[in-house]
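Heavy atoms only: backbone and side chains are in, while hydrogens, waters and symmetry mates are out. Every chain is numbered from 1 and lettered A, B, ... according to where its sequence line falls, protein lines coming before strand lines.
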Amino acid sequence: MIKLENISKHYNGTGVLNNITLEIESESTSILIGPSGCGKSTLIRIIAGLIKPSNGKTEINSVPVTKKNINGIRKNIGYVIQEGGLFPHLSGYDNIVLAAKYYKWKQNEIDARVKQLSELTGLDNVLLDKYPTQLSGGQRQRISLMRALMLDPQILLLDEPLGALDPLIRFDLQKDLKEIFNKLGKTVVMVTHDLAEAVYFGDKIILMAEGSIVQNDSPKNLIENPKNDFVKKFVNAQRTYLDFK
Amino acid sequence: MKILWIYILICLTAAGCTEKYSSQINVGSKKFTESVILGEIITQFAKSANVNIEHKKELGGTRILWSALLKGDIDLYPEYTGTIIQELLNGESIKDFNSLKNSLKKYSVEISNPLGFNNTYAIGMNTKLADELGIKNISDLAEYKGLKFGFTNEFMNRNDGWPGLQKKYNLLPDNVAGIDHDLAYRGLENGSIDVVDLYSTDAEIKYYNLKVLKDDLNYFPLYNAVILYRSDLKQKSPNTISLIRRLEDRINEEEMINMNSDVKVNGKPEFQTASEFLSKEFNIELHVQQVSILNELLKNTKDHLTLVLISLFGAILFAVPLGVIAFKNKKTGNIILSVVGIIQTIPSLAILVFMIPFFGIGAEPAIVALFLYSLLPIVRNTYSGLNEIPVQIRESAVVLGLSGKEILRKIELPLASRSILAGIKTSAVINVGTATLGALIGAGGFGQPILTGIRLDSISLILQGAVPAALLAIIVQYLFDLSEKIIVPKGLRIDK
Ligand SMILES: Nc1ncnc2c1ncn2[C@@H]1O[C@H](COP(=O)(O)OP(=O)(O)OP(=O)(O)O)[C@@H](O)[C@H]1O
Ligand SMILES: [Mg+2]
């Protein structure tokens, strides 16, 4: 379980997150959504222990995220960002196995895990030897996901993982990703801009605005019982091709 | 890495030890022809008496030789009394040769008696014209108003030059022009100039058949040639002392002018001029062989590469970690970047001279100076290469749980490798060029023929240093471009 208590973050006096309190249940998928600049990435980076909140506490499985604990906690976190954040100087394979090698896994363990993951993500093995610049956006995201899953973490944090993909690839990956989530039973926190995607994935949708959580609810409730005008407006702002008359 | 450090230390100490603790005697000379000839005479004279002696020729200037003498890197060198009084013992009141001797004792330095010629400022005229007008002394000039005076700019402006001379002799010519030395001589030839300043042993006196006017009012200070030597030379090599004694009062102005012009005008090598002098004056027959151009080139190349490689390796080992520290800790980083930046602004010659009190003359001070010079490009490029890595990449590595050290090794340094390599390349190329200055402090290298070439006005000699230096710079660039293919990870070299 991920627990955030009164989290605030400000840079040089400018508030980015205000007093966020949030619980994310284990093995659930929560979607962070909201207008650009509302603090989604900041929040997910705080959960990943990449930046320190100005105020408040973070706990992961009842362990407070502190400098001392962070290394133990990180083994339990996988992180995927837009465009993958792959290391450009390493092949896909080396990106994936970097952490396992650091933790001194045996080669046969590494091989077995990579095989398992490429089956899971549906990545052609030939692509493992390619460098990130030689791969398409979708292939990069699959490798990025494999890298995040390599150590089999319990928590998966994804910051707009599908944000830069064209609609067709995005459609396929959404489907694959959902299957993977279902199969693995991870605690997933994912950021997206797309309400349809949020609804497709989310057990919970956390709608943010200007550094605060406006509504944290099931997709159904968010759409049917918007808490205020902002939520209503946000929901209605999503167009579909049916708008074309 | 460690092995390299040890290697460098061994090289440095070995270089230091072999020279300092051997019984070899070192003669120094300045970077002008007369000094080199005198150094060569001393060297060959001593060799004829089986003294183990070496000539470190063409060292930068008075200060460099004096420091080297005090430090023991050289044991003796030719100097001029006026220079000692004006530049080295500046501020002490020295009335005569004896008080000069006593003043030098404080530095454990001894002085020979004058060698027999005085190389001071002098006034010269076309001999034919002087004889026609019956001019022998400078004071005779006051009677001829129409003469055209052409003086070097330095002489025009120095207090002990034209302004003082004019007062002392009451000269009121109609026509005085500041002019370049070479042009002045040409002017004398074609009659556009009648009177010039010169040094009393200039080769040109003979070449242009000039008359040196007598300084009948004793206006110009004495610049008697002498030999300065360390007091401990008496114990180290009594032989050399007795040879110095034998050279006293043996070289007069005419002889020195002849030798200077043999080298500068007739293109005779200094060693030959020196051995002819020794054969004539002392009946000494020495067979000194001229080093072939190829051997000279090989030696210069070896010396130059030693300077560049050791200083560059040292700088890499030092500067890359400094760049990393600068990146990891912004406050320390600012200090590091400004300190190496300041070092870079010190003129290279000044750094070389600063090094002499600590490292003497030769390769060591040059290597240290080049090392200091190489720091900035490497530190700065390491810093900026690391700084340019996108936050997302770094954060991705952090989330994977890698330690800071591992991230540096596996992610940050490889990603910065291209920038770091470019910094090293810049340093290397600058280094190849700057190392030519090393010759000024006895480090040898391609600067040596350049120095000699400038001194003798010989383009071909200058090219013997400049061309290999330029070639080396090109080769260095090429090697770095090659090594980029090995050092920069493949993933960063793919065309997008
Ligand atoms: N290091 C920083 N220094 C100052 N301000 C920052 C910093 N990082 C983020 N911010 C600011 O914090 C706010 C929230 O940024 P954040 O990246 O969390 O937004 P976001 O919701 O992820 O936006 P987007 O949907 O565009 O990705 C923005 O206004 C941003 O400018
Ligand atoms: Mg964001």
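- Across every non-hydrogen atom of A/L149 and A/R113, the tightest pair is O-NH2, 2.5 Å.
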message: Assess the residue pair A/S62 and A/E59 against the criterion (side-chain hydrogen bond (donor to acceptor under 3.5 Å, both in side chains)); give the C-alpha distance rounded to whole Å, side-chain angles, the decisive distance to 0.1 Å, and a yes or no.
response: CA-CA 5 Å; A/S62 313; A/E59 271 181 19; 4.9 Å; no

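- Ring planes of A/F201 and A/F181: tilted class, angle from 30 to 60°.
- Not a single donor-acceptor pair under 3.5 Å links the side chain of A/D159 to the backbone N or O of A/V191.
- In this structure A/T21 satisfies the side chain to side chain donor-acceptor pair (under 3.5 Å) test together with A/N6, sequence neighbours excluded.
- Taking CD1 from B/I389 and CG from B/N387, the interatomic distance works out to 9.0 Å, rounded to the nearest 0.5 Å.
- Contacts of B/N431 classified as side chain to side chain donor-acceptor pair (under 3.5 Å), with partners at least two apart in sequence or in another chain: B/S311, B/S374.
- Contact annotation for residues 72-81 of chain A against chain B (heavy-atom separation below 4.5 Å, listed by residue number): A/R74, A/I77, A/Y79, A/I81.
- Only the side chain of A/R45 comes within less than 4.5 Å of a heavy atom of chain B; its backbone N, CA, C and O stay farther away.
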- request: For B/Q448 and B/D303, run side-chain hydrogen bond (donor to acceptor under 3.5 Å, both in side chains): C-alpha distance rounded to whole Å, both residues' side-chain angles, the deciding distance at 0.1 Å, then the answer.
  value: CA-CA 10 Å; B/Q448 200 73 59; B/D303 289 350; over 6 Å; no

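- Taken to the nearest 0.5 Å, the CD1 atom of B/I424 stands 9.0 Å off from the CG atom of B/N381.
- Scanning residues 395-411 of chain B against chain A with a 4.5 Å heavy-atom cutoff picks out B/E395, B/S396, B/A397, B/V398, B/V399, B/L400, B/G401, B/L402, B/S403, B/E406, B/K410, B/I411, ordered by number.
- Only the backbone of A/L86 comes within less than 4.5 Å of a heavy atom of chain B; no side-chain atom from C-beta onward does.
- For the residue pair A/N69 / A/T66, a side-chain donor-acceptor distance below 3.5 Å is found, with atom types taken as modelled.
- Annotation: maximal heavy-atom pairing with chain B below 4.5 Å, among A/I51, A/L90, A/N71, A/L98, occurs at A/L98.
- The environment of CD in A/E109 is crowded: more than 12 heavy-atom neighbours from other residues, nucleotides or ligands sit within 6.0 Å.
- Each of A/P132, A/P88, A/S91, A/A48 has some count of heavy-atom pairs under 4.5 Å with chain B, and the biggest count is that of A/P88.
- For a residue to count as touching a neighbouring chain, one of its non-hydrogen atoms must lie under 4.5 Å from one of that chain's; by this rule A/Q134 touches chain B with the side chain only.
- Put simply, the side chain of B/V429 reaches to within 4.5 Å of the side chain of B/Q477, judged on heavy atoms.
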